[in-house]
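In what follows, a single structure is set out as structure tokens and then discussed.
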Amino acid sequence: MTALAHLTWQTGHVRLSPRDEVSDGAIARLRAAWDNPAEEIDGTGWRIVPRPTPGRGVYLWDQIHEGHHIATAALCTRETMAAELWRQLAATLPGPAPERPARVPWLVAILIADPTVMTDPAVFTDVLAEAGDLERVVAWALIDAETSP
């Protein structure tokens, strides 16, 4: 597994994320954050809040920045779960479904339009960039945890 397909639901934009763009230190910090969703990650203002999932190989979480829900993410690591997870996303999310990535692992980011965060476009742009980075690090931490002995 050399790359993760990171898709933004609202735009259909896909970015390939190789594992080597994420440091082992970041992976370790995010594994700890996954287990402690009430705690802010390293003074960044970010928290990740895991959600219930429909089965193995599927991970769902919310990304909260300074108390505001910025994004929800869905990670699929097993081909056997991909079609069903995509069907569920398409049935519950607004707008037309973008094309599903051809193979796992894939990560879908669903942006949440919190009007209180969007009042300053410059800050909102920075928050969205941070959210994308955080999504990828969390995804790689979960993928690594699945494949570690």
* **Approximate separation, where rounding is to 0.5 Å, of Leu89 CG and Leu60 CG** => 7.5 Å

* Asked: Do the side chains of Val58 and Thr53 get nearer than 4.5 Å, heavy atoms only?
  -> yes

* **Shared hydrophobic cluster, Met81 / Leu93 (ILVMFWY, side-chain heavy atoms < 4.5 Å)** => yes

* How close do Leu4 and Ala139 get, heavy atom to heavy atom, and via which atoms? -> CD2-CB, 3.6 Å

* Side-chain touch Leu128/Leu111, heavy atoms, less than 4.5 angstrom -> yes

* To do: Verify whether one side chain among Glu130 and Trp46 offers a donor that lies under 3.5 Å from an acceptor in the other.
  => yes

* **Check against ring pair (Phe, Tyr, Trp, His ring centres under 6.0 Å), Trp9 and Trp106** => CA-CA 12 Å; Trp9 186 268; Trp106 49 257; 9.0 Å; no

* Give a yes or no answer on whether the side chain of His6 reaches the backbone of Thr8 with a donor-acceptor pair at less than 3.5 Å. => no

* Structure fact -> In short, Pro37 meets Arg47 closest at the heavy-atom pair O-NH1, 2.8 Å

* Asked: In terms of hydrophobic clusters joined by side-chain contacts under 4.5 Å, are Leu30 and Val49 together?
  -> no

* Please examine the side chains of Glu84 and Pro54, heavy atoms only from C-beta on, and report whether any two atoms are closer than 4.5 Å. => no

* Asked: So, for Cys76 and Leu85, which heavy atoms are closest and what is the spacing to 0.1 Å?
  -> CB-CD2, 3.8 Å

* **Distance, nearest 0.5 Å, that separates CD of Glu146 from OH of Tyr59** => 3.5 Å

* Asked: For Glu79, what residues pass the salt bridge (Lys or Arg N to Asp or Glu O under 4.0 Å) criterion, not counting sequence neighbours?
  -> Arg100

* At what distance, to the nearest 0.5 angstrom, does CD1 of Ile64 lie from OG1 of Thr72? -> 7.5 Å

* Asked: CD1 of Ile41 to CD1 of Ile48: how many Å apart, nearest 0.5 Å?
  -> 5.0 Å

* Asked: Under 3.5 Å, is there a donor-acceptor pair between the side chain of Thr44 and the main chain of Glu40?
  -> no

* Going by atom types only, do Trp140 and Ser17 share a side-chain donor-acceptor pair under 3.5 Å? -> yes

* To do: Taking the side chain as every heavy atom from C-beta outward, state whether Ile110 and Val108 have any atom pair closer than 4.5 Å.
  => yes

* Check the angle between the aromatic planes of Trp61 and Trp34 and answer parallel, tilted or perpendicular using the 30° and 60° thresholds. => perpendicular

* To do: Considering non-hydrogen atoms only, spot the tightest contact between Pro98 and Gly12 and give its length.
  => CB-CA, 3.8 Å

* Structure fact -> Output for pair (His65 NE2, Ile70 CD1), nearest 0.5 Å, gives 7.0 Å

* To do: Decide yes or no on side chain to side chain contact (heavy atoms under 4.5 Å, CB included) for Arg31 and Asp144, but give the supporting numbers first.
  => CA-CA 10 Å; Arg31 280 187 187 167; Asp144 281 8; 3.1 Å; yes

* Mind jotting down which residue pairs meet the salt bridge (charged side-chain N to carboxylate O under 4.0 Å, His left out) criterion with at least one end in residues 53-78? Sequence neighbours excluded, please. => Arg51-Asp62

* When rounded to the nearest 0.5 angstrom, what is the spacing between CG in Leu7 and CG in Leu107? -> 8.5 Å

* To do: Run the numbers on Asp24 and Arg19 for salt bridge (Lys or Arg N to Asp or Glu O under 4.0 Å), then give the verdict.
  => CA-CA 10 Å; Asp24 291 339; Arg19 168 59 180 89; 2.8 Å; yes

